[in-house]
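Here's the structure we're looking at; comments come further down.
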Amino acid sequence: MSGKILIMTAVEAEKEAVLRGLRGNPLCEVQAAGVGPAAAAASTALALAGKAGDYGLVVSAGIAGGFAGAAPVGSIVVASEAVAADLGAETPEGFAGVDKLGFGTNRLKADARIASRLLEALGDAGIPASLGPVLTLSTVTGSAATADALAARVPGAAAEAMEGYGVAEAASRFGIPFIEIRAISNAVGPRDRAAWRIGDALAALEAASTYLTEVISS
Ligand SMILES: O=C(O)c1cccc(C(=O)CC[C@H]2O[C@@H](n3cnc4c(=O)[nH]cnc43)[C@H](O)[C@@H]2O)c1
């Protein structure tokens with residue numbers, strides 16, 4: 001892969017964790033975009049505008065909720081795709097995504113080669129990691145019923161966060177490959193903010209970011 005890597009987080013604490021893991025790699029630029037898909041898309045597009053040719057990869061990185069049985073707290077999820085899981089309409093038959101409604105797609109693929117290389121590097125390093133769809137939502141799930149509905153809507157769903165699809169949408173408009181890396185801080189389900197293991201997740205994000213550098217240069 002040639003060119004620089006633009007890494008978008010939501011908040012400063014995530015940005016700092018990624019920077020620690022990157023250990024001063026001059027090829028990488030890290031920005032905190034703000035929380036949610038709109039801030040993520042706008043900030044990524046602004047970062048790329050007029051200099052998209054400088055970048056070979058765009059990364060959405062941060063903490064996330066993990067789906068039961070797919071991604072335990074403290075583990076890493078590498079996205080196979082970013083899914084805008086609440087972008088659509090409620091219908092009498094249930095949720096219909098924008099794809100079903102005829103307005104394009106709500107799924108953007110991650111770069112499969114880079115994602116699988118990263119997964120392999122994490123595995124070799126003994127860091128628990130899995131590959132699967134990462135959902136982007138504007139509202140953090142707070143009940144078992146919503147968690148079940150999302151898992152049924154997106155078979156194989158591994159994690160949910162709030163920015164990946166926005167970052168991916170901007171990257172795709174500029175024709176730049178995209179990946180998403182999430183460190184799991186909490187289980188997707190009934191709200192228990194006090195139980196979020198943010199410190200552990202940020203440590204896992206830092207460790208995963210170290211291997212991001214390895215993957216990029218291989
Ligand atoms: O309070 C802190 O110290 C702190 C440090 C780092 C990050 C945070 C955040 O709250 C970041 C919000 C960010 O987290 C993602 N996230 C995490 N868990 C979930 C979830 O279960 N569902 C959806 N999003 C989740 C999300 O991408 C937010 O941007 C706090």
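Keep in mind it's a predicted model, so treat the numbers as computed, not measured. What you see below is based on every heavy atom in this structure, not just the backbone, and it leaves out hydrogens, waters and symmetry mates.
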Exercise for the section: Examine the side chains of E180 and Y165 and answer whether a donor and an acceptor come within less than 3.5 Å of each other. Expected result: no

[Y] reachable from [X] in the ILVMFWY side-chain graph, under 4.5 Å edges:
{"X": "V140", "Y": "V83", "value": "no"}
{"X": "L137", "Y": "V154", "value": "yes"}
{"X": "F95", "Y": "V98", "value": "no"}
{"X": "L48", "Y": "L46", "value": "no"}
{"X": "L19", "Y": "I181", "value": "yes"}

Decide yes or no for [X] and [Y]: does some side-chain heavy atom of the first lie under 4.5 Å from some side-chain heavy atom of the second?
{"X": "E169", "Y": "L108", "answer": "yes"}
{"X": "E29", "Y": "I5", "answer": "no"}
{"X": "L22", "Y": "V30", "answer": "yes"}
{"X": "V134", "Y": "E160", "answer": "no"}
{"X": "I179", "Y": "V78", "answer": "no"}
{"X": "P128", "Y": "P72", "answer": "no"}
{"X": "F178", "Y": "L57", "answer": "no"}
{"X": "E120", "Y": "D124", "answer": "yes"}

Which pair of heavy atoms, one from [X] and one from [Y], lies closest together, and at what distance?
{"X": "A79", "Y": "A115", "result": "O-CB, 4.0 Å"}
{"X": "L205", "Y": "A61", "result": "CD1-CB, 4.3 Å"}
{"X": "A52", "Y": "I176", "result": "O-CD1, 3.6 Å"}
{"X": "I184", "Y": "A159", "result": "CD1-CB, 3.9 Å"}
{"X": "I76", "Y": "A204", "result": "CD1-O, 3.5 Å"}
{"X": "P133", "Y": "P155", "result": "CG-O, 4.1 Å"}

Please check if the side chain of [X] supplies one atom and the backbone of [Y] the other of a donor-acceptor pair under 3.5 Å.
{"X": "T44", "Y": "A41", "value": "no"}
{"X": "T210", "Y": "E206", "value": "yes"}
{"X": "D200", "Y": "V73", "value": "no"}
{"X": "E16", "Y": "A13", "value": "no"}

Distance check, rounded to the nearest 0.5 Å: [X] atom [atom1] versus [Y] atom [atom2]?
{"X": "R197", "Y": "L202", "atom1": "CZ", "atom2": "CG", "value": "12.5 Å"}
{"X": "S2", "Y": "Y55", "atom1": "OG", "atom2": "OH", "value": "14.0 Å"}
{"X": "S172", "Y": "K109", "atom1": "OG", "atom2": "NZ", "value": "14.0 Å"}
{"X": "E81", "Y": "L131", "atom1": "CD", "atom2": "CG", "value": "9.5 Å"}
{"X": "D148", "Y": "T141", "atom1": "CG", "atom2": "OG1", "value": "10.5 Å"}
{"X": "R117", "Y": "L212", "atom1": "CZ", "atom2": "CG", "value": "11.5 Å"}

Practice task
Name all residues meeting the side chain to side chain donor-acceptor pair (under 3.5 Å) criterion together with T136; count only those two or more places apart in sequence or in a different chain, and write none if there are none.
Solution key: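 Listed in chain order: nothing, the list is empty.
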
Practice task
With sequence neighbours left out, write down each residue that passes side chain to side chain donor-acceptor pair (under 3.5 Å) with R153, or none if nothing qualifies.
Solution key: none

Practice task
Using the side-chain contact (heavy atoms from CB on, under 4.5 Å) rule, take R20 and S209 through it: C-alpha gap first, then chi angles, then the decisive distance, then the call.
Solution key: CA-CA 8 Å; R20 284 193 300 275; S209 300; over 6 Å; no

Practice task
Test S60 against every option in I7, V167, T9 by the side chain to side chain contact (heavy atoms under 4.5 Å, CB included) rule and name the one that passes.
Solution key: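 Output: one option passes, namely V167.
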
Problem - Steps toward side-chain contact (heavy atoms from CB on, under 4.5 Å) verdict (R193, I198) - result: CA-CA 10 Å; R193 186 64 170 73; I198 290 173; 3.4 Å; yes

Problem - Worked verdict on S43 versus M8 for side-chain contact (heavy atoms from CB on, under 4.5 Å) - result: CA-CA 8 Å; S43 298; M8 304 300 293; 3.7 Å; yes

Problem - Pairing of E163 and R182 as salt bridge, 4.0 angstrom limit - result: yes

Handout entry: Stepwise side-chain contact (heavy atoms from CB on, under 4.5 Å) check, L6 with V59
Key = CA-CA 6 Å; L6 176 64; V59 181; over 6 Å; no

